[in-house]
Peer 1: 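Take a look at the following structure, please.
So that the names make sense, note that chain A is the first sequence line, chain B the second, and so on, each numbered from 1.
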4 protein chains.
Amino acid sequence: MEQKYTIGIVGGTGYTGVELLRILAGHPHVTVKMITSRSEKGVRLDDMFPSLRGVYDLAFEDIDLDALKQCDLVFFATPNGVAMNYVKELVSAGVKVIDLAADFRIKDLSVWSKWYGMEHAAPEIVEQAVYGLPEIYREQIKTAQVIANPGCYATAVQLGFIPLVESGLVDVNHLIANVASGVSGAGKGASVATLYSEVNESYKAYAAQGHRHQPEIKQQLDSLSETPVKLTFVPHLIPMTRGIHATLYATDVKNKTAEQVQEIFAQRYQNEPFVDVLPVGDYPETRSVKGGNICRISVLKPQDEEIIVVLCVIDNLVKGAAGQAVQNMNLMLGFEETLGLTAAPLVP
Amino acid sequence: MEQKYTIGIVGGTGYTGVELLRILAGHPHVTVKMITSRSEKGVRLDDMFPSLRGVYDLAFEDIDLDALKQCDLVFFATPNGVAMNYVKELVSAGVKVIDLAADFRIKDLSVWSKWYGMEHAAPEIVEQAVYGLPEIYREQIKTAQVIANPGCYATAVQLGFIPLVESGLVDVNHLIANVASGVSGAGKGASVATLYSEVNESYKAYAAQGHRHQPEIKQQLDSLSETPVKLTFVPHLIPMTRGIHATLYATDVKNKTAEQVQEIFAQRYQNEPFVDVLPVGDYPETRSVKGGNICRISVLKPQDEEIIVVLCVIDNLVKGAAGQAVQNMNLMLGFEETLGLTAAPLVP
Amino acid sequence: MEQKYTIGIVGGTGYTGVELLRILAGHPHVTVKMITSRSEKGVRLDDMFPSLRGVYDLAFEDIDLDALKQCDLVFFATPNGVAMNYVKELVSAGVKVIDLAADFRIKDLSVWSKWYGMEHAAPEIVEQAVYGLPEIYREQIKTAQVIANPGCYATAVQLGFIPLVESGLVDVNHLIANVASGVSGAGKGASVATLYSEVNESYKAYAAQGHRHQPEIKQQLDSLSETPVKLTFVPHLIPMTRGIHATLYATDVKNKTAEQVQEIFAQRYQNEPFVDVLPVGDYPETRSVKGGNICRISVLKPQDEEIIVVLCVIDNLVKGAAGQAVQNMNLMLGFEETLGLTAAPLVP
Amino acid sequence: MEQKYTIGIVGGTGYTGVELLRILAGHPHVTVKMITSRSEKGVRLDDMFPSLRGVYDLAFEDIDLDALKQCDLVFFATPNGVAMNYVKELVSAGVKVIDLAADFRIKDLSVWSKWYGMEHAAPEIVEQAVYGLPEIYREQIKTAQVIANPGCYATAVQLGFIPLVESGLVDVNHLIANVASGVSGAGKGASVATLYSEVNESYKAYAAQGHRHQPEIKQQLDSLSETPVKLTFVPHLIPMTRGIHATLYATDVKNKTAEQVQEIFAQRYQNEPFVDVLPVGDYPETRSVKGGNICRISVLKPQDEEIIVVLCVIDNLVKGAAGQAVQNMNLMLGFEETLGLTAAPLVP
């Protein structure tokens with residue numbers, strides 16, 4: 001009889017939680033042993049998520065560290081500021097942890113505190129945590145005990161800028177990320193701003209004066225660049241549920257042709273199972289990645305020849321959250337990286 | 001090395017086609033060997049459907065009967081009136097066939113001709129074809145060579161009415177099916193009526209004077225009823241892509257309690273892998289089946305105690321088309337019925 | 001200089017409130033003098049509703065009965081159970097009142113208390129209030145001091161059933177109202193159930209076991225029928241913001257032709273400015289009334305010849321709420337009934 | 001008895017046509033005398049647009065120049081390349097003309113031919129036509145006989161860039177316009193690309209390599225700038241029907257504070273009835289202009305202090321097409337500029 005790795009999920013009543021459950025249900029080598037939620041304690045998982053009827057026979061439990069320590073790996077699909085209170089003890093018990101929130105994403109604690117409005121409870125875990133973007137940190141992830149799973153916008157923007165910044169191709173003093181997200185990115189909390197009747201048939205920018213993913217992206221791009229980057233980051237809200245589209249603008253300082261830029265992207269991602277560089281002239285649609293753990297990218301040099309435009313799409317709940325977390329899990333547990341993540345996106 | 005069954009798909013540029021490809025991509029025992037389209041001959045499959053990039057390495061071919069005869073099973077995802085011209089020859093060659101269109105659904109050829117506006121080219125195949133609703137015809141499907149895959153509305157309405165009609169519980173002279181479908185049910189042909197700006201933020205009934213699925217449903221329910229049924233069938237168009245919701249009304253002639261009616265449904269479907277009778281008081285949402293091969297059903301007796309209301313949801317492209325076709329394929333080829341069909345629906 | 005009637009609005013932070021403000025802004029003979037909201041006191045109206053920038057120069061005030069008594073007419077766009085605490089005093093001061101909530105809709109106080117979960121604070125106002133459906137009570141409305149503005153579903157269902165029930169054409173023991181509403185009908189309160197990501201790309205029935213509009217409709221139809229009606233009422237939620245679609249089923253007991261039934265509707269509504277009986281064969285779309293104070297109706301006898309099907313559409317926020325309230329205001333203040341209500345719906 | 005100006009509409013079966021009809025229906029001083037459509041000749045207007053039932057009593061007629069010459073003003077709501085064949089004769093007859101298509105927008109005929117793929121049939125009208133953006137050309141419009149009504153994207157982008165370019169505040173060598181439009185901008189022609197099921201729940205860029213509005217915008221901005229501008233223009237498609245959102249990026253070369261830039265916008269548009277500069281910190285939503293002839297603008301200097309970000313929203317069918325056309329008509333016929341255009345937008 002096959003032995004499966006045991007998984008615990010802390011949180012899991014939100015959208016990244018249900019997506020994680022959906023993906024893990026199709027994974028051959030792991031089994032979700034417990035799922036916790038203080039507010040929903042005792043509620044059957046499939047009462048909250050009828051789409052999972054017949055898939056899981058679990059109910060939400062109160063958080064119980066001793067029980068979680070019996071798991072091989074624990075995902076935190078909790079609000080920001082929760083995981084940091086539990087991870088240390090789990091780590092001591094040898095449990096691997098992947099945090100889908102922001103607790104361990106930013107290395108500079110003063111920056112973190114400024115954006116997340118609290119003191120950090122586990123600075124030593126921040127230091128030890130590996131940023132879970134396999135396209136940069138694959139080797140470190142394999143041996144990591146704690147993963148800071150990247151933000152959704154942060155994933156899309158980094159994957160688009162990495163080849164340009166790494167290659168020194170563009171002026172890093174004027175990077176522009178015009179990003180747009182479906183509404184599920186705002187989570188499942190009751191709020192007027194994300195009511196159907198508030199969001200439907202409308203489109204707007206928001207948080208351009210300051211969004212938490214901006215310092216996360218800047219930290220990452222800085223680490224790839226000779227000089228610190230300057231990044232203008234303007235998020236928008238799209239009347240749809242899933243999907244992120246990043247439209248990135250940078251100024252070419254090396255006078256490359258469109259074909260040369262395309263080639264730089266193709267080479268950078270040639271061995272990446274979950275980054276798909278589209279043929280010249282194609283425009284990625286967010287629906288082409290709906291439900292799939294994949295980032296599709298196009299690059300072009302349109303009217304103003306100095307400006308390079310990169311277009312990236314991901315499903316914010318998959319490659320931008322739960323799918324990337326499972327990709328990290330695969331690396332941490334020594335599985336094939338693509339295991340459980342190859343289902344084709346749902347179109348239409 | 002494992003031997004896989006070979007599959008051909010005729011048509012396949014529409015929504016049932018891409019859905020069939022998506023589902024078959026995850027099936028362990030079959031491989032799609034060829035896909036045909038006269039109009040798209042030579043076009044790579046993943047150029048038309050970028051969601052399938054990296055999943056298939058195929059291009060559309062012209063239809064070639066000799067090549068199709070090399071397949072173990074051929075799906076027709078063509079417009080109505082196409083399959084009937086090819087199936088006879090395939091059958092003679094021993095190829096199994098599943099038609100996702102309406103060519104073999106209606107046994108009475110004069111009724112068929114009236115609704116589909118043409119003479120039937122293969123009456124003998126109509127006679128031999130098995131109606132592919134496993135919840136009624138499972139045993140016949142296992143040995144069938146030609147399957148008439150049911151219509152999407154027809155699947156939802158039958159699964160809701162079967163327990164009531166089989167049990168003689170209701171007045172079959174006044175069955176009402178108030179049904180509503182997402183827009184993908186109308187197909188991928190260019191048309192003003194299904195443009196985004198025509199359909200979005202609106203809701204309407206249509207074709208209540210006569211819809212092709214009405215005689216199909218009536219034929220089926222008649223076969224389960226002592227006396228012919230009278231069915232009022234009113235379809236509506238919902239501003240969403242996927243999903244069918246059937247709200248069925250029938251008059252209880254045996255004075256059963258709500259609990260007794262619930263029990264009748266629970267028993268009828270207790271061994272069905274793809275029919276899920278919800279607990280009393282739950283209302284099925286179409287999104288709870290999005291992308292999944294499952295029908296969820298609720299039954300209730302609301303304000304007017306004589307009226308039984310049945311609520312059924314399916315994904316029109318899955319249990320209403322491609323998923324049901326693969327379920328039939330599994331039965332025909334001797335696989336586990338649920339193989340390749342257990343992925344959880346995509347929520348949100 | 002022209003003298004305008006002065007209007008007060010109590011509540012007004014929700015969807016019926018902003019719609020009332022939008023419509024009144026185009027009315028030539030009234031001016032909104034004050035708008036109250038306890039929670040939003042001091043907030044400028046156009047900060048909450050940027051669509052009204054430049055249209056009103058008002059801020060929300062605390063409720064002040066003395067100030068309201070200076071108005072000619074006061075609208076209550078408050079939650080259920082608020083208006084009943086204030087109307088008596090306003091009435092004593094000679095102010096006319098239109099309540100857009102349910103406080104005065106149901107004459108039987110025990111029924112009201114059962115559905116609205118509280119004791120009624122002003123039974124004498126219930127008695128005196130006129131139900132504001134001009135298509136039945138036009139003359140009484142003209143001289144009324146208090147109007148109970150009908151519910152949105154209730155408006156659509158009544159307008160569809162009135163000609164059938166008044167004429168004794170149908171079996172009132174088996175009336176079926178299959179109704180569907182856009183999400184704005186659920187109001188602007190923060191709630192998980194009406195989040196964009198919960199509602200989008202899904203469709204479901206709800207509250208079929210008991211919805212507050214059912215007894216309201218039954219009270220009204222009973223008053224038109226020789227014998228009490230039995231009504232099965234099943235509401236559904238449509239992924240769109242505005243619009244109600246009612247699909248009504250009744251059994252013809254007088255063996256009329258479709259043409260005769262059409263004629264009954266045409267005659268009943270021939271002088272109604274806001275009920276539009278469509279030509280035979282047309283299906284009303286909800287978008288054809290979006291933003292307009294109009295009900296469009298089709299009637300047909302489809303497959304089962306005994307069943308009459310009536311299709312009605314309204315904009316739930318206009319003819320189902322704010323527009324009908326202004327129609328009532330016009331009647332009460334002696335204006336032309338259509339004043340300020342003739343703008344064409346917004347299509348697409 | 002009041003004399004009304006008579007209006008003819010050529011074309012009018014598309015979205016700008018029905019919007020023009022909706023707006024003109026509420027205009028006090030004009031009456032639509034005739035509407036033409038070759039393909040729909042004889043069809044009643046309200047059969048095609050049920051939202052206009054009871055509003056117009058017209059049927060589509062074949063185009064008849066003699067009849068059109070009897071009108072005071074003729075709108076062309078035709079595809080590109082139609083108006084140019086008729087305008088000369090109408091002008092000779094003293095009829096004023098507003099073309100909602102692109103025939104007279106671009107002064108350089110070789111540029112026009114390149115983008116619109118045909119020879120121009122009326123170069124002398126191009127020369128005489130006034131570009132119908134009242135915020136720049138108000139005085140010329142008042143005496144013009146032919147108006148080239150601006151494109152929808154072009155309107156939004158110009159209104160956002162005008163204060164920056166006119167004031168020499170920004171580096172015109174690196175202007176970026178990241179624009180997004182609802183689907184109605186693509187028109188009402190049958191096409192797969194704009195089917196509901198293709199567009200819903202997806203977001204993408206398109207035509208970034210070359211869009212017809214790019215040279216139109218460049219021509220206009222060039223005329224305001226000391227040196228020719230370089231403009232990167234990337235359009236995106238939003239899953240909604242109405243609305244354009246422009247996110248504009250430019251580099252501040254004069255080191256202004258955010259407050260100073262805000263003040264430049266406020267002053268530039270202080271007397272404009274249809275441009276609304278929002279308070280600092282507000283983000284314009286497209287729904288705040290839905291159905292209204294208004295452009296709302298915010299300006300900010302976010303993270304990278306050199307970059308100025310301007311956010312503009314319009315309803316593509318109103319201020320981006322039919323509403324602006326009526327605004328131009330008001331100016332041409334000597335009416336109050338805002339006449340018939342003051343109805344508040346429809347929210348939610």
Peer 1: Please answer whether the main-chain N or O of D:E285 pairs with a side-chain N or O of A:S202 as donor and acceptor at a distance below 3.5 Å.
Peer 2: no

Peer 1: For a side chain to side chain contact (heavy atoms under 4.5 Å, CB included) check, start with the C-alpha distance between A:K204 and D:R287, then their side-chain angles and the critical distance, and finish with the verdict.
Peer 2: CA-CA 9 Å; A:K204 65 169 180 182; D:R287 66 172 186 160; over 6 Å; no

Peer 1: Is there a donor-acceptor pair under 3.5 Å between the side chain of D:Q303 and the backbone N or O of A:Q209?
Peer 2: no

Peer 1: Who passes ring-ring contact (aromatic ring centres under 6.0 Å, His included) against A:Y116, sequence neighbours left out?
Peer 2: A:W112

Peer 1: With a 4.5 Å cut-off on heavy-atom pairs, point out which of A:V347, A:T286, A:T241, A:V309 contacts chain D the most.
Peer 2: A:T286

Peer 1: Taking only residues two or more places apart in sequence, or in another chain, which ones meet A:K301 in a side chain to side chain contact (heavy atoms under 4.5 Å, CB included)?
Peer 2: A:D252, A:A258, A:V261, A:E305, A:I308

Peer 1: Chain A heavy atoms under 4.5 Å from D:P284: which part of the residue, side chain, backbone, both or neither?
Peer 2: backbone

Peer 1: Using modelled atom types only, decide if a donor and an acceptor are shared between the side chain of A:Y283 and the backbone of D:A208 within a distance under 3.5 Å.
Peer 2: yes

Peer 1: Under 4.5 Å from any heavy atom of chain A, what part of D:D282 do you find: side chain, backbone, both or neither?
Peer 2: neither

Peer 1: For A:H174 and D:T251, does a side-chain donor sit closer than 3.5 Å to a side-chain acceptor?
Peer 2: no

Peer 1: Between D:S197 and A:P348, is there a donor-acceptor pair closer than 3.5 Å when you use the side chain of the first and the backbone of the second?
Peer 2: no

Peer 1: If you tally heavy-atom pairs under 4.5 Å against chain A, which of D:P239, D:A180, D:P302, D:A205 wins?
Peer 2: D:A205

Peer 1: Can you tell me how far CD of D:E201 sits from CE of A:M240, rounded to the nearest 0.5 angstrom?
Peer 2: 6.0 Å

Peer 1: Of all of D:K230, D:H211, D:H245, which one pairs up most often with chain A through heavy atoms under 4.5 Å apart?
Peer 2: D:H245

Peer 1: Heavy-atom cut-off 4.5 Å, strictly under: side chain, backbone, both or neither for D:L231 against chain A?
Peer 2: backbone

Peer 1: Quick one: what part of D:Y249 sits under 4.5 Å from any heavy atom of chain A, side chain, backbone, both or neither?
Peer 2: side chain

Peer 1: Drop me the distance from D:I238's CD1 to A:I238's CD1, to the nearest 0.5 angstrom.
Peer 2: 8.0 Å

Peer 1: Find the one option among A:N200, A:V234, A:V313 whose heavy-atom pairs under 4.5 Å with chain D are most numerous.
Peer 2: A:V234

Peer 1: Between D:I244, D:N173, D:L175, D:I307, which shows the greatest number of heavy-atom pairs under 4.5 Å with chain A?
Peer 2: D:I307

